[in-house]
Undergrad: 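Before I ask anything, let me first share the structure, which is written out below as structure tokens.
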There are 2 protein chains.
Amino acid sequence: MIRVVIADDHRLLLEGLSQALDSLPDISVVATAEDGASLLEQVRTTSPDVLLVDIEMPDIDGIEALRRLGGAPPAVVVTMHAGEDQRRRAIEADARGFLSKSSPLPDLAAAVRAVAAGENLMDVDDLGSVLDHHRQPVLDEGAAALTEREREVLRLLAAGVTSTDELADRLFISGKTVKNHLASIYEKLAITDRAQAAVEAIRLGLHHPD
Amino acid sequence: MIRVVIADDHRLLLEGLSQALDSLPDISVVATAEDGASLLEQVRTTSPDVLLVDIEMPDIDGIEALRRLGGAPPAVVVTMHAGEDQRRRAIEADARGFLSKSSPLPDLAAAVRAVAAGENLMDVDDLGSVLDHHRQPVLDEGAAALTEREREVLRLLAAGVTSTDELADRLFISGKTVKNHLASIYEKLAITDRAQAAVEAIRLGLHHPD
DNA sequence: CGATATATGGGTCTGTCGGCCTATTGGCAC
DNA sequence: GTGCCAATAGGCCGACAGACCCATATATCG
């Protein structure tokens, strides 16, 4: 689980991103900050794995905050105006990633994962392909071992299709096979019943088709 | 269910807000737009109940887009710089709500609900108290009828506590009572088992304590 | 005061779920 | 080709879940 702290003075963006990232199965937003000072404080108390910092903030701006942290937790810088100027300042402040606020959300998630894995996105020339390597959430052992058919069963569970018969109908297989799939899901996710499977399915983001 | 279209050229905000609002049980984001032209198109094809529009957008800005729509679906205007100037322009474009991007997310949700209910937030002098009236999600009949104890059961289900015995232990009641609570939950939510109850619990936002 | 709602508890019964074992087919890898 | 895995399917059984009946105490409301 990648523990992230987000700093941005615009609360709509702060809280929106926070919820969106938190909903990913491998990312946990442990704190948020609306200014640089609060960011420094949160980093001290929560010791996160990655920082997500807006440049434009009152008092201590994102760059200054990162400078004071000395590149300790690796940081992804987000900015409204992604010019060369800002980019240079980000590099000087030891940022590992640099994204415009016009980037799509999956890119941000990928950047967080890349930086958490120790990569430095400021060096690379082909940002897109590096991010591509980190598009998939880092799932825990069990979840990664799920087969495609098992994921389909989980998707249906998350959609409220819970009885063996209806699952069988939707998947065009026998009830016995449904139970077999469920049994291997239980084993892989270390759970015991459909209710827990439904919870896991939603946590893994299987409810809306990727 | 309040059907919303969101327009903002900063995709991180657009997608973040979209996910956050969509996760509320009474709000559904049916489309998003990155510019005014696309907004006009989405409004035509999806006929939403409420618009959420950023002022600052390339080509056709939010104000101009609203003007062209003639106040048809009521709109909440969101802006980076919430000055008197912007506010006047929003009023002239027939906006029903006006929020800064520094507002907290629950305020945005409350504004969307208020506007969907026909209120005009531009008139009121005490915005806070009007929003307070719309803090709670507009739950459907069944979900609103849930008792406090029933919500606790749902919370535990969403946390993966699914067996009768463990539920009984956590709630300090007998297994029989757990089953009684579940039975009335099934009736109120028109569902049939714990797996569906877990799905509903998460959909209703019962997994993280309010 | 009487009615209603909530939380608690019980009993019974049927159906289904989950655990365990086996089996066949097809694909893919070494 | 031999082995492994995914997907399919069946049987068996014990345990639990859900439906349907009930009772009691407390509290709130008109």
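Bear in mind the structure is a predicted one, so any value in this text is a computation, not a measurement. Labels below follow one simple rule: chain letters A, B, ... track the order of the sequence lines, proteins then strands, and each chain is numbered from 1.
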Undergrad: Any side-chain to backbone donor/acceptor pair from Glu150(B) onto Thr147(B)? Under 3.5 Å, distance only.
TA: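 The answer is yes, because a donor-acceptor pair under 3.5 Å joins these two groups.
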
Undergrad: Going by the rule side chain to side chain contact (heavy atoms under 4.5 Å, CB included), which residues pair with Gln19(A) if we only count those two or more places apart in sequence or in a different chain?
TA: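 Scan of Gln19(A) (side chain to side chain contact (heavy atoms under 4.5 Å, CB included), adjacent residues dropped) gives Ala20(B), Ser23(B), Leu105(B).
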
Undergrad: Just the rounded figure in Å: distance from P of dA25(D) to CD1 of Ile173(B).
TA: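 Between P of dA25(D) and CD1 of Ile173(B): 19 Å.
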
Undergrad: Test of understanding: with salt bridge (Lys or Arg N to Asp or Glu O under 4.0 Å), list the residues that count as partners of Glu119(B), not counting sequence neighbours.
TA: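 Salt bridge (Lys or Arg N to Asp or Glu O under 4.0 Å) list for Glu119(B), sorted by chain: empty.
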
Undergrad: Just the rounded figure in Å: distance from P of dT8(C) to CD of Glu148(B).
TA: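 Value for this atom pair: 12 Å.
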
Undergrad: Any sub-3.5 Å donor-acceptor pair from Asp49(A)'s side-chain atoms to Ala116(A)'s backbone N or O?
TA: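 Absent.
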
Undergrad: OP1, OP2 of dT8(C) versus side-chain N and O of His181(B): anything below 4.0 Å?
TA: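 Yes, His181(B) has a side-chain N/O under 4.0 Å of OP1/OP2 on dT8(C).
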
Undergrad: Which is true for Thr177(A) with a 4.0 Å heavy-atom rule: it touches a base, it touches only sugar-phosphate, or it touches nothing?
TA: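 Base contact.
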
Undergrad: Using only side-chain N and O atoms of Ser174(B), determine if any of them is under 4.0 Å from OP1 or OP2 of dG9(C).
TA: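 Yes, Ser174(B) has a side-chain N/O under 4.0 Å of OP1/OP2 on dG9(C).
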
Undergrad: Between atom NZ in Lys188(A) and atom P in dC5(D), what is the gap in whole Å?
TA: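 Spelled out: NZ on Lys188(A) to P on dC5(D) is 10 Å.
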
Undergrad: Check the distance between dA7(C)'s C1' and Leu167(B)'s CG and give it to me in whole angstrom.
TA: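 For the pair Leu167(B) CG and dA7(C) C1', the rounded distance is 16 Å.
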
Undergrad: Rounded to whole Å, how long is the line connecting atom CD of Glu166(B) with atom C1' of dA17(D)?
TA: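 That distance rounds to 16 Å.
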
Undergrad: To the nearest Å, how far apart are Arg149(B) CZ and dT26(D) P?
TA: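 Roughly 17 Å, once rounded to whole Å.
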
Undergrad: Does a salt bridge link Glu84(B) with Arg88(B), judged by any charged N lying under 4.0 Å from a carboxylate O?
TA: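 The answer is no: the pair does not qualify as a salt bridge.
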
Undergrad: Going 5' to 3' along nucleotides 12-30 of chain C, which nucleotides have protein heavy atoms under 4.0 Å from the base (write B), which only from the sugar-phosphate (write S), and which from neither (write -)?
TA: -----BBS-----------

Undergrad: Provide, to the nearest angstrom, the distance between the CZ atom belonging to Arg151(A) and the C1' atom belonging to dA6(D).
TA: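 Nearest whole value for this atom pair: 14 Å.
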
Undergrad: Between Arg135(A) (side chain) and Ala110(A) (backbone), is there a donor-acceptor pair under 3.5 Å?
TA: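 Side chain of Arg135(A) to backbone of Ala110(A), a donor-acceptor pair under 3.5 Å: no, none is there.
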
